[in-house]
Structures are given as structure tokens and as C-alpha cells.
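Here the structure is laid out as C-alpha cells; the discussion comes afterwards.
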Amino acid sequence: MDQLDLMKEVISLSKQRGFVFQSSEIYGGLKSCYDYGPLGVELKRNVMSEWWRSMVHEREDIVGIDASIIMHTRVWEASGHLAGFSDPLVDCKNCKERFRADKAPRAEPGSEVEVSEGGKKKGKTLKQTVGEGGYVCPVCGSPNLSEERNFNLMFRTSLGPVDPLQEVSQALAGQSRSAEEIRKLMDEKMRESAVYLRPETAQAMFVQFANIQQALALKTPFGIAQMGKSFRNEVTVEHFIFRSCEFEQMEMEYFVEPGTQKEALEHWKTERLNWYLRYANDKSKFRLRQHSAEELAHYADDCYDVEYEYPWGWDELEGIASRTDYDLKKHSECSRVPLTYFDQEKTNPETGKKGYRYTPYVIEPAAGATRATLMFLLDAFSYDTPRADASGKEKRRRVLKLHPRLSPYKVAVFPLVKREGMPELAREIVREFFKAGINARYDEQHSIGKRYARHDEVGTPYCLTVDGDSLKDSTVTIRERDTTNQERVKIEEALSVVKKRLETV
Ligand code: GAP
């Protein structure tokens, strides 16, 4: 299938079958904001609970937290987000588009390009010279651009019963001031009560490092994990839920003794790549890419991205950064609270004496739960073999080949007809699945063929059909999504077939 068609298909299936809707759609939608529907919330939660299982429950060395989204403003001062978490923005003087300089198409500085006036498709064309920046407008190709301005990506709001605008208006009442002075005053007043929506979940793990380490008497190497919402006022929102302003992250900070960070990075890059491969169909679409020296964030001494080949090409799925001791040291400096670790058994390499106090180094696998949800939808989307319909027309049907642990429903149970005790038995089977903690769905609408197709489209791995014989011999037909094979099994056996399949990852 054409890759762009794949993206269109996934977006349309997401809406039609209740995975993802545009936020506030009836009011025209809110750009870059999305709502996860009944099927989407199950898929996203399954992605997140699989991450939590492998990162927290299945490991002795990692614990979890759930911190507040709004944190003390000094956290963001210390982490560098207030001063430096920004995108370089540029305005095109030709077509008035505002865009990110670092993502703009490149051109040779000093070369000449031909653009149409005002960015219109038809009309006068002009020759313009590419400036020092070496890039042009992504919409009209013009190099006639404004200076770059830094735009902070954090969402600012106020905490408490304060109205900064009231204070500004009082301060300005009856005065005549320049626009620049007004801007400065507004900024000062807003800053007094300002708080920010977190742009990453990571900082809480650094800020709570000492509390968590002491409360659980953790020994290095150990990790603190968190999943939850993050917010960034992204300038470029793109590719459906790939990059949005409100999204969910799954991050873990792994604290290690200085000098062992390379080994830990090796471990985590393999571990995280393999986590995706366990659930994916097409393993050739994943790779690890090391960051070049220019790409490295100021706090990192090495970094790898797990990349996926999306319909628009290879792009980031998760970052695994070696963050040195930067964050703990910064927070320690700014809060004046020591954020160190003491190993009484270890010899201090500098003094040669027993007892070694150090600031741990950190390896951080940082994944996006909403981005991973899109990736799993793209990976799972397929068509079944085309078949002729009643009018002889060849038709192909959509099938989501999701890993059963990720599938919204694990099993659908159908009564063949809506009488003779079949609905009652089917509902009883659904209850048995619920008791076993397995999400099952009762479905009696339309023909059996249509019901199979409906569940193939949302990735339900098994369908059970209750018929007249089921009432006599406690058997049902079990149909597997990917092979479409059907088998007759005892009802208890159906439960164990599904359970077994869910255990194998
Ligand atoms: N603590 C490090 C950190 O936040 P990041 O590379 O900015 O690193 C980590 O983000 C992951 O979060 C990304 O790999 C991506 O999966 C996800 N992510 C970041 N920004 C996003 C956005 N605007 N929309 C959706 N997912 C995003």
C-alpha cells in the first residue's frame, strides 16, 4: 500500500471505529488536540500498562511514581526549561507563514531562488537571495524572512486566586507607556503567580530522588519511572497524534555510579528496542540511531533514538539519553538540598577510604505513549485477501493485526441468533472472561460475517460464537483473527486458549 494512503486509512479508521477523534470537533476542532475514543483509550492504556509491566513490575531495580503536572516554578528554572526550552521561530515576509527555522528546507546561502509574490500560486515571480541562515520558507520557498525569535514551548498559567491582568491594568491605569514597557510590566506581573504545565515527566524523578531513595532504601543502580501527560506549545504540530500539544510520556530515570553509564546505556538501548519488537509485526521498520555531537542536548554525553519508519520516513519514537549528573547537580545547587548517594561498602576512588558519596549519573529512556499508539496502529493496519461481494465486485477488508496484549478487546462473544438461550449463554461467557481480568465484548448486531469483519477492523484477536449445539454440549466456535481458522472447543478451553495467547509476548 502507498505509505500516504496508509496514514489516511489509519486516520479514517481511527475516527470511524472510535480510536481517535479531533478534539471539540463539533466546534470546528482544536488544532493538534485529540480525544481518545472507546477503542483508543483501551489501546493507549494497554500500551502504557505493557510499558509499566516491563519497566516496573517485572524489575526489582525500578519503582514508579505519579507526580503532579504542575510543579514549583524553580524546577523549570533549575532544569533550564524556562530559559532554554524554545524553538527558533521565523516569519516569512512573502507569504506571512510562521515556522521553525531548524525544520525549514535548506538552501545554499547566497544562491538565488525564484518565488511567487505573496506566496500565491499564480502571479508575479521574483528572484530573491538566500540569507546567511541557509533556509527558506517551507510554504512559498522565499528567503525573505524575519530574524529568528525564541519561543518558549511551556504553557504558562497562574496558581491561586490571582488575576495578573487586573494587576497590570491597575499599574497602567492613567499612564501612557510604550508597547515595550507594557510588555515588560505584563511579563513581570504574570511571572509572580506563574506556574507551568510540565513539558516532560522526567523532572519529578530528579526532584524526588532523595525522598524515593530513602523511603525504599534503594541501592544503585536503580530507576524511577513515571507515565503521564506532558504539554508543549509546539509550533509545528504534525502527522495526526505524532506531535501534539498535549501528549503522554513514559519515562524512566536510571541512576548509576559514575563511570558505569556507558554499560547502562548499552543495556537500555537494546532493552527498549526489543520492547517494541516484541509487539510489532514488521520488525524491519525499527532502528537505533546515535545522535551526532551537534544534536546532543546540553545535559547529555551520548544519546540514541529508537526510530520507526513512518509513512513520511524514519523519525523518532523514543530517545535514550545518557544525561550525566547534570539534573541532580542542578537541582541540588538551586534547592540547596543534597541529591547524592552514599555507598558505605564502596571505596572512594579519590581518598582510597571506605564509604563513597557521589552524584549518580543517569540513563533516561523517554518514550511517547501517544506516539507509540500511532506507531502500533500503523504497524497493525492491513487488508485481508480481496473477495467478490454479492454483486461480483472485489472487496478488501481492513484488519488491525494488533498484538493481542495491545488489542482493545481480547475476545468478542456472539450468539448466532438472538433467541433460544444463546444471548444468555454468550453473556455468561463474557462474564467468565471479565472474572479472569480479560476484556471481552458481547455483540449481537448484524450477521456473523459482519460481526467478524467489525472485530477484525478493531484488532480483536478471537471471536467466539455460541450456537444451538453450545447449549447442549458446552462448546463454542473459536475464530482466530489473523488466520481466520475456526475450531470447535469446550467453553473452558476457549478461556485457556485466549489466556495462553495473552501470556506469550
Ligand atoms: N525527558 C526527555 C524528553 O522529554 P523528548 O525527546 O523531548 O525527551 C521524549 O521526548 C518522547 O516523548 C519522544 O521520543 C516522543 O515519543 C514523545 N514526545 C515528545 N514531544 C511530543 C509531542 N509534542 N507529541 C507527542 N509525543 C511527543
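In listed order, ligands and their atoms are each counted from 1.
Heavy-atom proximity to Glu316, at under 4.0 Å, picks out these atoms of ligand 1: 6 (O), 13 (C), 14 (O). Close approach to Glu364 involves these atoms of ligand 1, each under 4.0 Å from a residue heavy atom: 1 (N), 2 (C). Contact atoms of ligand 1 toward Ala202: 1 (N) (distance under 4.0 Å to a heavy atom of the residue). Against a heavy-atom cut-off of under 4.0 Å, Glu318 is close to the following atoms of ligand 1: 14 (O).
Protein heavy atom nearest atom 12 (O) of ligand 1, with residue, atom name and distance: Gln249 NE2, 3.2 Å. Regarding atom 7 (O) of ligand 1, its nearest protein heavy-atom neighbour is Arg232 NH1, 2.8 Å. The closest protein non-hydrogen atom to atom 18 (N) of ligand 1 is Phe247 CE1, 3.6 Å.
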List the steps and the verdict of salt bridge (charged side-chain N to carboxylate O under 4.0 Å, His left out) for Glu25 and Lys15. CA-CA 11 Å; Glu25 195 188 287; Lys15 180 172 177 183; 3.1 Å; yes
Check against ring-ring contact (aromatic ring centres under 6.0 Å, His included), Phe242 and Tyr310: CA-CA 10 Å; Phe242 174 81; Tyr310 298 91; 5.0 Å; yes
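The shortest separation from a heavy atom of Glu248 to ligand 1 is not under 4.0 Å, leaving the residue out of contact. Ligand 1 is approached by Arg323 to a heavy-atom distance shorter than 4.0 Å.
Under the 6.0 Å cut-off for aromatic ring centres, His298 and Tyr326 qualify, their centroids lying closer than that.
The heavy atom nearest to atom 25 (C) of ligand 1, out of those in Phe231, Tyr299, Phe242, Tyr308, is found in Phe242. For the residues Gly368, Ala367, Ser244, the heavy atom positioned nearest atom 22 (C) of ligand 1 is part of Ser244.
At a heavy-atom cutoff of 4.0 Å, ligand 1 is contacted by no atom of Asp305, backbone or side chain. The backbone and the side chain of Ala366 each have at least one atom closer than 4.0 Å to an atom of ligand 1 (non-hydrogen atoms only).
Using cut-offs of 30° and 60° for the angle between ring planes, the Phe209 and Phe222 rings count as parallel.
No hydrogens or angles considered: nothing links the side chains of Glu364 and Tyr299 as a donor-acceptor pair under 3.5 Å. A donor-acceptor contact closer than 3.5 angstrom is absent between the side chains of Tyr358 and Asp343. A side-chain donor from one of Gln128 and Ser142 sits under 3.5 Å from a side-chain acceptor of the other. Side-chain atoms of Thr260 and Glu263 include no donor-acceptor pair closer than 3.5 Å.
Screening Arg397, Arg398, Arg481, Lys401 against Asp384 for a salt bridge (charged side-chain N to carboxylate O under 4.0 Å, His left out) leaves a single residue, Arg397.
Between Leu317 and ligand 1, an N or O atom pair is found at a separation short of 3.5 Å. Checked by distance only, ligand 1 and Glu251 come closer than 3.5 Å through their nitrogen or oxygen atoms.
Geometric assessment of Lys269 against the ring of Tyr304 yields a positive cation-pi assignment under the 6.0 Å and 45° thresholds.
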